[in-house]
There are 2 protein chains.
Amino acid sequence: MEETTTLRERKKEATRQALHEAALRLALEHGLDAVTRDAIADEANVSRRTFSNYFASKEDAILHGDRVRVQRLLEMLRARPAREAPWQALTAATLAHYRERGDLDPDWLARLRLLRRHPSILAEQMAANAKLEDELATEIAARDPGHPDEPMRSRVMASAFLTTLRVVAGIWAESNGSEPLDEAIRAGLARVAERFK
Amino acid sequence: MEETTTLRERKKEATRQALHEAALRLALEHGLDAVTRDAIADEANVSRRTFSNYFASKEDAILHGDRVRVQRLLEMLRARPAREAPWQALTAATLAHYRERGDLDPDWLARLRLLRRHPSILAEQMAANAKLEDELATEIAARDPGHPDEPMRSRVMASAFLTTLRVVAGIWAESNGSEPLDEAIRAGLARVAERFK
DNA sequence: CACGAGATTGCCCTGAGGGCAAAATTGCCC
DNA sequence: GGGCAATTTTGCCCTCAGGGCAATCTCGTG
């Protein structure tokens with residue numbers, strides 16, 4: 001399992017991960033507002049200043065995991081066959097992505113959902129979401145060049161896609177785990193798909 | 001033109017507006033980062049502390065106008081006949097709303113667009129947008145109760161609607177003013193409408 | 001093993017955010 | 001008009017965020 005990364009890089013990544021996890025843990029335990037950058041740095045055994053070298057803010061640190069996951073999803077999407085229709089590629093990549101990680105402790109998720117209602121987290125998250133939507137639109141547009149409705153179609157499709165995921169996740173979260181998330185996503189995406197034939 | 005508002009309320013509103021305009025003016029002139037709350041307060045002839053009584057941050061102050069406009073749009077939407085189909089109501093309310101304010105100095109708009117690329121503005125704006133999307137979805141759902149695809153349909157429609165507006169505005173902004181914004185919006189919404197018959 | 005690139009840390013300064021109580025302003029009654 | 005209660009404005013203070021800078025330490029390589 002040896003990677004071609006240097007010790008430096010591995011350490012850097014470990015520090016980043018440690019800070020991310022420390023931030024998440026402390027915020028979940030005490031609430032976001034009660035946690036300072038100093039506390040997070042302490043928890044991760046680095047200096048306050050080092051925290052700032054890695055992340056611009058608490059919110060940034062907490063959402064690090066999301067960024068990684070989004071990157072991963074984009075990779076999987078780009079890896080789909082180029083001739084695959086956009087919505088189909090989106091669906092396949094998403095299902096693969098969700099299958100890739102089964103770790104979903106319900107209790108942890110519940111507290112996480114609470115944390116995400118926090119205004120400052122919400123704001124950063126939405127901004128990240130807008131960026132993702134843009135990238136998805138680009139990827140979609142690349143998959144059927146010369147479509148008459150561009151650039152409208154790809155944008156609308158990207159936002160419809162993300163909205164569908166959000167709604168499905170929301171519904172799934174409420175009626176907790178009564179149905180596999182996989183299946184719910186597949187069904188939800190299929191239903192909306194008809195509008196983008 | 002006498003309103004039934006007390007002097008207190010009118011003064012309060014005037015102060016809020018003054019702070020908003022001061023914030024916008026200074027940010028457009030010097031860039032958001034170069035403007036402090038103290039400077040904004042000075043510009044509006046109140047104390048720094050009073051600024052904080054009205055707005056939680058510079059971003060908040062700058063986006064005050066948007067909040068007001070969004071509220072106005074929602075009012076107009078709710079005022080549409082209850083039996084009107086969702087997309088039609090959205091279109092009508094939007095067109096009425098844009099017609100209501102013709103003030104669009106291109107130079108001012110250009111700088112405003114620049115300002116909105118600022119990360120912290122962007123984040124707040126996106127969060128506000130998500131909230132608006134939610135309210136639109138509620139309004140949409142109310143307009144055809146018992147639709148088989150709820151709650152998916154209303155959410156997806158709301159996001160498609162806002163995305164369409166964004167794309168139209170973007171295109172219109174680039175090819176500056178070659179066509180009335182009204183007409184561009186109408187055309188864009190009509191094109192996407194077909195997916196939500 | 002020595003040295004250069006890169007990472008960590010401490011120090012410092014400006015600005016944000018918000019509690020609190022004193023001072024000013026407004027609304028209302030006599 | 002004058003007095004009084006409610007509301008708003010202001011100044012003071014304290015903690016935390018963000019980030020520049022230089023000293024120090026660690027890793028990778030010749």
Side-chain angles (χ1 to χ4, degrees), chain A residues 2-24 26-27 29-64 115 118-124 127, chain B residues 2-24 26-27 29-64 115 118-124 127:
Chain A
E2 292 304 305
E3 299 294 331
T4 65
T5 56
T6 144
L7 173 60
R8 251 189 168 85
E9 292 173 54
R10 268 175 284 137
K11 273 195 142 181
K12 209 166 155 64
E13 210 36 52
T15 302
R16 189 181 304 278
Q17 189 64 25
L19 281 168
H20 164 58
E21 284 169 17
L24 198 50
L26 290 178
E29 184 166 356
H30 305 119
L32 182 63
D33 297 322
V35 179
T36 64
R37 301 172 303 165
D38 299 68
I40 297 171
D42 268 8
E43 181 86 1
N45 292 312
V46 294
S47 76
R48 198 286 291 173
R49 200 59 189 69
T50 294
F51 173 87
S52 284
N53 288 338
Y54 282 89
F55 298 109
S57 62
K58 291 182 275 189
E59 294 78 15
D60 194 25
I62 285 172
L63 292 175
H64 171 63
L115 181 59
H118 196 286
S120 63
I121 295 272
L122 202 60
E124 296 243 356
Chain B
E2 291 304 306
E3 299 294 330
T4 65
T5 56
T6 142
L7 172 61
R8 252 190 169 82
E9 292 173 55
R10 267 174 286 138
K11 274 198 140 182
K12 211 165 154 63
E13 211 35 54
T15 301
R16 189 182 305 279
Q17 190 64 25
L19 281 167
H20 163 59
E21 284 169 16
L24 198 50
L26 289 178
E29 184 166 355
H30 304 120
L32 182 65
D33 297 322
V35 178
T36 65
R37 301 172 303 166
D38 299 66
I40 297 171
D42 268 8
E43 181 86 2
N45 292 312
V46 294
S47 75
R48 196 286 293 174
R49 200 58 189 71
T50 293
F51 173 87
S52 284
N53 288 340
Y54 282 89
F55 297 109
S57 60
K58 292 181 277 188
E59 293 78 16
D60 195 25
I62 286 172
L63 293 176
H64 171 63
L115 183 58
H118 196 287
S120 63
I121 294 272
L122 202 60
E124 295 242 356

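In the text below, chain A, chain B and the rest are named by the order of the sequence lines, each starting its count at 1.
Here D:dT7 presents its C1' atom at 16 Å from CD of B:E13, a figure rounded to the nearest Å. Residue B:D42 contributes atom CG, which lies 16 Å from atom P of D:dT9 at whole-angstrom precision. Rounding to whole angstrom units, CZ of residue B:R16 and C1' of D:dT9 are separated by 14 Å. When rounded to the nearest whole Å, the span between NZ of A:K12 and C1' of C:dT9 equals 14 Å. Distance, B:I40 CD1 to D:dT9 C1': 18 Å, rounded to whole Å. Counting to the nearest Å, the P atom of C:dG17 and the CG atom of B:D60 are 9 Å from each other. At whole-Å resolution of the value, CZ in B:R10 and P in D:dT8 are 14 Å apart.
Listed pair B:T50 / D:dT9 fails the phosphate criterion, with no side-chain N or O lying under 4.0 Å from OP1 or OP2. Neither OP1 nor OP2 of D:dT8 sits under 4.0 Å from any side-chain N or O of B:Y54.
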Using a 4.0 Å cut-off on protein heavy atoms (strictly under), produce a 5'-to-3' string for nucleotides 12-22 of chain D with B for base contact, S for backbone-only sugar-phosphate contact, and - for none. BB---BBBBB-

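To the nearest 0.5 Å, the span separating CG on A:L63 from OG on A:S57 amounts to 8.0 Å.
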Are any protein N/O atoms closer than 3.5 Å to N/O atoms in nucleotides 22-25 of chain C? If there are, list each pair with its distance.
none

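A 4.5 Å side-chain heavy-atom check between B:Y54 and B:K12 finds at least one atom pair inside the cut-off. Between B:F55 and B:R37 there is no side-chain heavy-atom pair separated by less than 4.5 Å. The shortest side-chain heavy-atom distance between A:L32 and A:I62 falls under the 4.5 Å cut-off.
Remark: D:dG3 base-pairs with C:dC28. Criterion, Watson-Crick or G-U wobble with two distances under 3.5 Å.
Legend: salt bridge (Lys or Arg N to Asp or Glu O under 4.0 Å) pairs involving residues 42-60 of chain A, not counting sequence neighbours, sorted by first then second residue: A:R25-A:E43, A:D60-A:R67.
With respect to B:R10 and B:E13, no salt bridge is recorded, no charged nitrogen being found less than 4.0 Å from a carboxylate O.
For B:T50 (side chain) and B:V46 (main-chain N/O), no donor-acceptor pair under 3.5 Å exists by modelled atom type.
A side-chain donor from one of B:E21 and B:Q17 sits under 3.5 Å from a side-chain acceptor of the other.
Between B:A44 and B:L19, the shortest heavy-atom contact is CB-CD2, 3.6 Å.
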